[in-house]
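Structure first, commentary second.
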2 protein chains.
Amino acid sequence: MASLKELARIVGVSPTTVSFALNGRSKEMRISEELTSRILKVAEETGYRPNNIAVALRTGQTKIIGLIVEDIANHFFSTLAKTIEEEANLFDYKVVYCSTENDDEKGEGLLDMLQQQQVDGYLITPTSGMRNKIGKLINRKIPLVLIDRYFEDMECPHVMVNNFEGIVKGVNLLIKKGYKKISFITPDLDLMQMKEREKGFIAALEKQHLYKSKKQILKVDYKDGGKKEAIEKIKTYLKTESPEAVVFATNYIGIHGLQAIKELKLKIPDDLAVICFDDNEVFDLCTPSITAISQPIEDIARTAVKILMGELGVTRKSAKKLVRIPTEIINRESA
Amino acid sequence: MASLKELARIVGVSPTTVSFALNGRSKEMRISEELTSRILKVAEETGYRPNNIAVALRTGQTKIIGLIVEDIANHFFSTLAKTIEEEANLFDYKVVYCSTENDDEKGEGLLDMLQQQQVDGYLITPTSGMRNKIGKLINRKIPLVLIDRYFEDMECPHVMVNNFEGIVKGVNLLIKKGYKKISFITPDLDLMQMKEREKGFIAALEKQHLYKSKKQILKVDYKDGGKKEAIEKIKTYLKTESPEAVVFATNYIGIHGLQAIKELKLKIPDDLAVICFDDNEVFDLCTPSITAISQPIEDIARTAVKILMGELGVTRKSAKKLVRIPTEIINRESA
DNA sequence: CATGGAAGCTAATTCGTTTTAGCGATAGAT
DNA sequence: ATCTATCGCTAAAACGAATTAGCTTCCATG
């Protein structure tokens with residue numbers, strides 16, 4: 001409520017002087033120690049807080065970073081968001097976050113909105129349709145780091161998990177345990193990381209000559225319907241193909257898959273072994289518990305913030321700006 | 001990038017005129033239709049976006065509401081946040097959110113931060129230590145709605161689930177199924193809603209003369225340690241008291257409880273029936289699936305935003321400002 | 001042929017800060 | 001006695017929009 005001007009009036013000096021004193025520029029600006037401490041005292045007493053809006057307008061810095069995730073209600077993204085917030089706070093930055101719902105239009109809208117809010121930098125898990133707008137930001141040298149996905153042939157800092165290697169590790173585990181007829185169930189999304197996971201699956205199988213047919217891959221199109229339809233599709237697939245083991249490409253398709261398996265009354269891992277990309281608290285609780293290829297979320301978050309702080313000039317620029325975080329296999333009972 | 005001033009220069013008129021045209025005040029301010037459409041066209045072409053910082057400084061309105069939750073990485077709160085964001089967007093409001101981690105100091109800090117950001121209103125799941133600061137906001141007539149908890153004898157709009165009634169419904173279900181030795185496991189938190197749930201438990205049992213001893217209630221203090229310690233405490237309790245059925249007071253203590261039950265190799269519901277307050281995607285997947293007392297999160301979110309919009313003067317003021325949303329029993333296999 | 005009013009636009013102020021440029025007074029150098 | 005430096009502080013501009021209070025020009029009216 002109290003403004004700089006008012007503080008100045010109370011102390012009986014000019015706003016300029018108060019500003020210098022509060023910003024620790026007293027020595028530099030030759031404000032006497034006595035006056036400085038008087039100002040500080042009054043500021044303390046009146047509980048003065050600078051108006052960030054005014055500061056932002058004047059300095060051109062909001063000290064805010066915009067975080068765009070796919071869906072904040074999803075465990076992966078909310079944990080990501082939380083860690084990013086904590087990490088950014090260490091550098092005195094605030095975070096505003098929003099969800100694209102994987103909708104191109106919504107994503108572009110959010111980008112516009114954040115620009116209007118004059119955020120200083122961006123952390124984004126982009127949808128494919130955001131390519132253009134992101135390209136423009138990059139041309140304008142706006143600090144920006146992509147998370148969890150990236151665009152080919154667009155030079156832009158990004159940090160994501162090593163999807164290819166992660167799936168390969170998972171498949172190799174299944175092969176080692178003796179499973180031969182292995183399937184891959186993935187959402188049908190046009191995203192880099194999905195392609196990488198699929199490539200990892202095929203590569204790992206081909207190395208052991210176990211990739212026989214395209215039917216070993218099921219792509220579930222969520223545009224056709226929601227959860228229920230997905231579960232039905234998976235049930236149908238499992239019945240007709242009856243694989244010995246299955247790798248789910250994401251956390252949520254894994255959950256739908258488990259539901260399908262439960263409804264088919266298949267025994268894990270005897271009837272069907274299961275591995276899922278991306279861990280989930282649920283997996284630990286299931287009976288049997290589900291083996292997962294886990295993404296070190298905190299790692300991803302911290303790395304992304306670190307790079308962004310470099311771009312923002314808060315810390316010195318990171319050398320590595322295209323980071324792949326290795327996955328970790330969480331061995332449980334399902335495979 | 002392009003400012004109002006620049007637009008004005010391009011069109012060859014004054015910034016004032018441009019401002020009127022863009023804000024739809026042309027008729028009122030007698031800007032000719034021809035000029036108005038020329039301005040609009042140039043604005044379109046140059047992709048002009050007003051600088052929200054400047055607008056906020058001038059108008060005193062940021063069109064931002066501050067949302068303070070306990071932990072954004074938690075399913076309940078992240079779903080809440082998501083719905084609130086969607087709902088607020090309908091009214092052209094943005095949302096910035098942050099987590100208290102149930103830490104009084106952090107909560108107060110967040111309140112300060114949001115004040116400095118000049119948010120127009122607040123949605124808060126408060127920690128007990130935030131009482132004072134929230135009281136001050138209320139005295140200053142700042143639009144504010146509490147969610148999920150409230151302070152006794154402080155008149156402040158709030159919306160929460162009907163905790164008492166929810167637990168009563170749950171306990172009654174257990175009693176109807178014939179369980180007699182029923183326990184209540186709750187985090188040891190000094191929060192209204194925990195007290196209400198405990199009261200509900202005791203009241204429901206006493207009505208059937210089934211409340212025999214304080215030992216039927218276990219309070220787990222999370223200050224003593226994390227998840228692991230909690231699980232150990234629950235295991236110890238279940239071994240020594242061996243209840244027939246247990247009601248978990250929250251989502252996350254339920255998950256820890258299930259872990260404990262799994263480690264003890266107890267069969268649900270034969271050895272031990274389970275009901276949990278607050279639903280979770282996990283519960284549907286567990287074998288057996290877990291019966292829950294579900295909080296209609298979207299309802300809570302929508303109601304809270306509605307009341308806040310009333311306080312902000314965006315819509316007309318709500319009549320009911322102290323709302324209890326009824327719970328819903330999700331019948332599954334664990335009880 | 002004043003006079004009034006409307007039509008169509010704009011100059012200048014404001015919001016709360018930060019920052020640049022500079023002012024008066026005293027002290028030291030020449 | 002004059003010039004320069006330093007000290008301690010401040011006036012004023014700026015950030016980008018919104019808004020208040022006009023300022024012209026033109027036409028109609030008596």
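Each chain gets a letter, A, B and so on, in the order the sequences are listed, and its residues count up from 1.
- Atom pair A:Arg38:CZ and D:dC9:C1' shows a separation of 12 Å (rounding to whole Å applied).
- As rounded to whole Å, 13 Å separates atom P of D:dC7 from atom CD1 of A:Ile31.
- When the side-chain contact (heavy atoms from CB on, under 4.5 Å) test is applied to B:Lys5, the partners found at least two apart in sequence or on another chain are B:Ser3, B:Pro15.
- In plain terms, the two heavy atoms of B:Cys156 and B:Leu146 that are nearest each other are SG-CG, 3.7 Å.
- What you find for B:Ala56 and A:Ile53 is that their closest heavy atoms are CB-CG2, 3.9 Å.
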For this session: In sequence, state the C-alpha distance, the side-chain angles, and the governing distance for B:Gln118 and A:Asn51, and then conclude on side chain to side chain contact (heavy atoms under 4.5 Å, CB included).
Result: CA-CA 7 Å; B:Gln118 316 287 126; A:Asn51 178 324; 3.5 Å; yes
For this session: For each nucleotide in nucleotides 24-29 of chain D, reading 5' to 3', give B when a protein heavy atom comes within less than 4.0 Å of its base, S when such contact involves only the sugar-phosphate, and - otherwise.
Result: ------
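- When each of B:Val145, B:Asp148, B:Ile68 is paired with B:Ile124, the side chain to side chain contact (heavy atoms under 4.5 Å, CB included) condition holds for B:Ile68 and for no other.
- For residues 132-146 of chain B, the salt bridge (charged side-chain N to carboxylate O under 4.0 Å, His left out) pairs, not counting sequence neighbours, are B:Asp112-B:Lys133.
- An OP1 or OP2 oxygen of C:dT19 is reached within less than 4.0 angstrom by a side-chain nitrogen or oxygen of A:Arg25.
- Remark: C1' of C:dC9 and CD of B:Glu28 are 14 Å apart, rounded to the nearest angstrom.
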Write down the protein N/O and nucleotide N/O pairs, taken from nucleotides 5-7 of chain C, whose separation is under 3.5 Å; answer none if there are no such pairs.
none

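- Atom CD in B:Gln61 sits roughly 14 Å away from atom C1' in C:dC15 (whole-Å rounding).
- Listed by first and then second residue, the ring pair (Phe, Tyr, Trp, His ring centres under 6.0 Å) pairs that reach into residues 78-127 of chain A are A:Tyr97-B:Tyr97, sequence neighbours excluded.
- If you take CE of B:Met29 and C1' of D:dA21, they are 11 Å apart, rounded to a whole angstrom.
- Considering every non-hydrogen atom in both A:Lys82 and B:Ile72, the closest pair reads CB-CG2, 3.9 Å.
- Phosphate contact (OP1/OP2 of C:dC9, side-chain N/O of B:Ser32, threshold under 4.0 Å): present.
- For residues 4-24 of chain A, proximity to DNA chain D is found at A:Val13, A:Ser14, A:Thr16, A:Thr17, A:Phe20, defined as any non-hydrogen atom under 4.0 angstrom from a strand atom.
- In summary, of the residues considered (A:Ile147, A:Thr79, A:Asn89, A:Val69), a side chain to side chain contact (heavy atoms under 4.5 Å, CB included) with A:Ile84 occurs for A:Ile147 alone.
- Scored by the side-chain contact (heavy atoms from CB on, under 4.5 Å) test, A:Asp190 finds A:Ser128, A:Lys195 as partners (sequence neighbours excluded).
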For this session: Would you sort out whether B:Leu22 and B:Leu4 count as a side chain to side chain contact (heavy atoms under 4.5 Å, CB included), showing the intermediate values?
Result: CA-CA 10 Å; B:Leu22 293 180; B:Leu4 231 218; 4.1 Å; yes
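- Within a 6.0 Å radius of CD in A:Glu45, more than 12 heavy atoms belonging to other residues, nucleotides or ligands are found.
- Contacts between residues 40-60 of chain B and DNA chain C, defined by a heavy-atom separation below 4.0 Å, involve B:Leu57, B:Arg58, listed by number.
- Applying the side-chain contact (heavy atoms from CB on, under 4.5 Å) test to B:Met192 and every residue at least two apart in sequence or in another chain returns B:Tyr150, B:Glu152, B:Glu196.
- Residues satisfying the side-chain contact (heavy atoms from CB on, under 4.5 Å) test with B:Leu322, not counting sequence neighbours, are B:His158.
- A heavy-atom distance below 4.0 Å to DNA chain D is reached by none of the residues of residues 112-122 of chain A.
- Taking five base pairs at each end of the helix from C:dC1-D:dG30 to C:dT30-D:dA1, the local helix axes there meet at an angle of 80°, rounded to 10°.
- Taking each heavy atom of A:Glu85 and A:Val95 in turn, the nearest pair found is CA-CG2, 3.8 Å.
- In this entry the distance linking CD of A:Glu34 with C1' of D:dG8 reads 12 Å, nearest Å.
- Contact between A:Ile325 and A:Pro296 at its shortest, heavy atoms only, is CG2-CG, 3.6 Å.
- Within the 3.5 Å criterion, the main-chain N or O of A:Thr17 finds a donor-acceptor partner in the side chain of A:Ser14.
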Exercise. Can you list the steps and then say if B:Asp71 with B:Ser99 is a side-chain hydrogen bond (donor to acceptor under 3.5 Å, both in side chains)?
Worked result: CA-CA 5 Å; B:Asp71 176 8; B:Ser99 310; 4.6 Å; no
